[in-house]
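In the text below, chain A, chain B and the rest are named by the order of the sequence lines, each starting its count at 1.
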Number of protein chains: 2
Amino acid sequence: MLWERAREPHAHRWSLPGGGLGGTEDVEASIRRQLAEKVDVTQLSHVEQLAVFSAPDRVPGPRVVATAFLGLVRSDTDPVVPSDTAWHPVDTLPATAFDHEAICRRARHRLASKLSYTNLGFALAPPEFTISALRSLYSAALGYEVSATNLQRVLSRRGLLEPTGAVAPVGPSGGRPAALFRFVSRQMRVTDPFAVLRPPSSRNLGT
Amino acid sequence: MLWERAREPHAHRWSLPGGGLGGTEDVEASIRRQLAEKVDVTQLSHVEQLAVFSAPDRVPGPRVVATAFLGLVRSDTDPVVPSDTAWHPVDTLPATAFDHEAICRRARHRLASKLSYTNLGFALAPPEFTISALRSLYSAALGYEVSATNLQRVLSRRGLLEPTGAVAPVGPSGGRPAALFRFVSRQMRVTDPFAVLRPPSSRNLGT
DNA sequence: CAAGTTTTCGCCCGGTAGGCGAAAACCTGG
DNA sequence: CCAGGTTTTCGCCTACCGGGCGAAAACTTG
């Protein structure tokens with residue numbers, strides 16, 4: 001989500017939301033405040049620090065050090081945003097201000113990595129979804145197609161998915177109705193990645 | 001590596017090395033400069049941003065926002081450090097100043113994670129080593145024992161290890177002389193973690 | 001009821017981690 | 001020089017997991 005700058009520097013280029021750090025808040029509280037005040041995004045499903053961007057000349061004028069965040073909203077939320085603000089596909093960004101394109105690339109890479117080796121998917125998916133819908137979400141976020149069969153198997157084996165029992169209404173072209181799933185609520189915070197050199201004689205999967 | 005504070009605040013407590021950001025450097029250049037100037041650590045085998053610590057009251061007095069780094073030196077380097085500075089096992093830290101214990105815990109966790117799912121081991125190991133020595137390094141960093149057999153297999157299968165052909169001198173209690181290995185130089189930068197949801201029909205391991 | 005569409009599931013394959021024990025290769029003491 | 005002890009190395013087995021494929025299931029429309 002970017003907003004189009006009206007004034008110099010970098011007028012008419014697109015910029016990430018953000019702003020200065022207040023005296024009584026930490027950086028995470030600050031970015032949550034900025035998003036709530038400026039673009040009315042309050043339903044963040046996941047927020048994590050990305051990196052500090054601190055090149056001396058990253059913005060003209062006085063030195064500005066930025067702490068960049070990765071913030072996710074569920075695919076079924078559609079916050080109202082100001083008229084100068086819009087969503088952009090991360091693969092086809094418009095001309096961006098400052099180093100914001102590099103920040104977006106980093107965020108995209110972080111998202112793809114964490115989707116693969118943690119349970120971060122819950123932050124993108126709506127409360128209930130079909131495997132096909134989840135496959136689309138993962139494919140979009142990862143940047144390549146994944147198999148619905150394999151996605152369901154991997155997430156199920158990790159104990160992240162559970163069927164709701166209901167089925168989704170069928171589309172206009174027919175087909176077998178898809179079963180609805182949800183992420184198990186106990187796992188709705190980001191877990192550690194799968195460790196490959198495990199402690200002896202313990203299985204830390206399947207819990 | 002911590003240094004003992006002589007003055008208030010938090011006199012006699014132990015503190016991470018660091019300091020203010022200069023006007024013409026970014027944060028990574030700054031921490032490298034601090035380590036080189038203050039404690040003569042110039043042989044960093046790996047440096048990465050850890051997180052920003054920005055609680056308003058994390059230090060008394062004026063607001064200080066810290067960008068914490070994870071910095072590694074190879075196990076065979078022993079930089080000379082000032083008299084007020086010493087190495088401490090991360091499991092038995094002395095009383096630390098400010099929030100530095102939390103920073104150390106985060107760094108330890110990051111190190112253990114990356115050792116498991118990337119090739120970061122090269123940053124800890126000397127140029128040549130036996131599997132037993134490497135096993136000790138990994139066990140110390142991870143906090144639990146790993147099997148030498150499995151460690152060698154996993155790292156070899158990823159194409160990270162290669163034998164030098166030489167063998168190490170035997171110890172005082174005899175035993176079969178251990179073969180020496182090195183990390184293959186082509187892999188001496190941190191690679192992406194192993195992706196578990198791969199693009200269709202491609203093997204992105206073994207390259 | 002036939003043809004088409006979409007989802008679901010079972011089956012197989014290969015690759016990978018983990019564990020175990022035998023064999024190899026050295027030492028020292030008798 | 002051989003027996004016993006020590007450490008490393010290697011082969012074998014098992015369990016598990018990701019990936020692929022195709023058949024069956026369950027719906028639609030004509």
Side-chain angles (χ1 to χ4, degrees), chain A residues 115-117 119 121 128-136 138-139 142 144-181 193-207, chain B residues 115-117 119 121 128-136 138-139 142 144-181 193-207:
Chain A
L115 267 188
S116 175
Y117 62 80
N119 62 343
E128 300 193 347
F129 48 84
T130 66
I131 297 297
S132 294
L134 193 65
R135 191 199 71 85
S136 298
Y138 270 74
S139 297
L142 290 172
Y144 51 79
E145 297 295 302
V146 297
S147 141
T149 299
N150 201 32
L151 179 66
Q152 178 175 11
R153 171 173 38 219
V154 168
L155 296 183
S156 296
R157 197 131 53 181
R158 291 179 184 171
L160 304 182
L161 285 188
E162 74 185 358
T164 68
V167 295
V170 297
S173 61
R176 175 172 173 169
L180 287 174
F181 289 81
F194 173 77
V196 70
L197 288 166
R198 300 186 187 84
S201 301
S202 81
R203 299 284 175 274
N204 55 7
L205 269 197
T207 56
Chain B
L115 267 188
S116 174
Y117 62 80
N119 63 343
E128 300 193 348
F129 47 84
T130 67
I131 296 297
S132 294
L134 193 65
R135 190 198 72 86
S136 299
Y138 271 74
S139 297
L142 291 173
Y144 52 78
E145 297 294 302
V146 298
S147 139
T149 299
N150 201 32
L151 179 66
Q152 178 174 13
R153 173 174 38 220
V154 169
L155 295 183
S156 297
R157 195 128 54 182
R158 292 180 184 171
L160 303 181
L161 285 187
E162 76 186 357
T164 68
V167 295
V170 296
S173 61
R176 176 172 172 169
L180 288 174
F181 289 81
F194 172 77
V196 69
L197 288 165
R198 301 188 187 83
S201 300
S202 80
R203 299 284 174 274
N204 55 7
L205 268 197
T207 53

Below 4.5 Å, heavy atoms only, C-beta onward: do A:V167 and A:L180 meet side chain to side chain? no
Between B:A148 and A:V154, the residue closer to the 5' end of DNA chain D by nearest nucleotide is B:A148
Flag, side chain of A:R135 to backbone of A:V146, donor-acceptor distance under 3.5 Å: yes
For A:L197 and C:dA17, what is the distance between atoms CG and P respectively, to the nearest whole Å? 8 Å
Hey, is the side chain of B:R176 poking within less than 4.0 Å of OP1 or OP2 on D:dT6, counting only N and O atoms? no
Separation of C:dT6 atom C1' from A:L134 atom CG, nearest Å, is 17 Å
What integer distance in Å separates B:L151:CG from D:dT9:C1'? 14 Å
On DNA chain D, more 5' by nearest nucleotide between A:P172 and A:T149 is A:T149
First encountered from the 5' end of DNA chain C, between A:G175 and A:R153: A:G175
Among C:dC26, D:dC27, C:dT8, which nucleotide sits nearest the side chain of A:P177? D:dC27
Any side-chain heavy atom of A:L197 within less than 4.5 Å of one from B:L115? no
Length of the line joining A:R157:CZ and D:dG19:P, which is rounded to integer Å: 10 Å
Taking all non-hydrogen atoms of both residues into account, name the closest pair between A:S116 and A:R158 and its distance. O-NH2, 3.2 Å
Quick one: which of C:dT8, C:dA17, C:dC26 gets closest to the side chain of B:V170? C:dC26
Can you check the B:N150 CG to D:dT8 P distance for me, whole Å? 17 Å
Distance in angstrom units between B:Q152 CD and D:dT7 C1', rounded: 14 Å
Using a heavy-atom cut-off of 4.0 Å across all strands, would you classify A:S132 as base, sugar-phosphate, or nothing? sugar-phosphate
Length of the OH-C1' vector between A:Y138 and D:dG18, whole Å: 15 Å
Interatomic distance, B:E145 CD vs C:dG19 P [rounded to whole Å]: 13 Å
Establish, with yes or no, whether the OP1 or OP2 oxygen of D:dT29 is under 4.0 angstrom from a side-chain nitrogen or oxygen of A:S173. no
Output all residues satisfying side-chain contact (heavy atoms from CB on, under 4.5 Å) with A:S156, sequence neighbours left out; order by chain, then residue number. A:Q152, A:L161
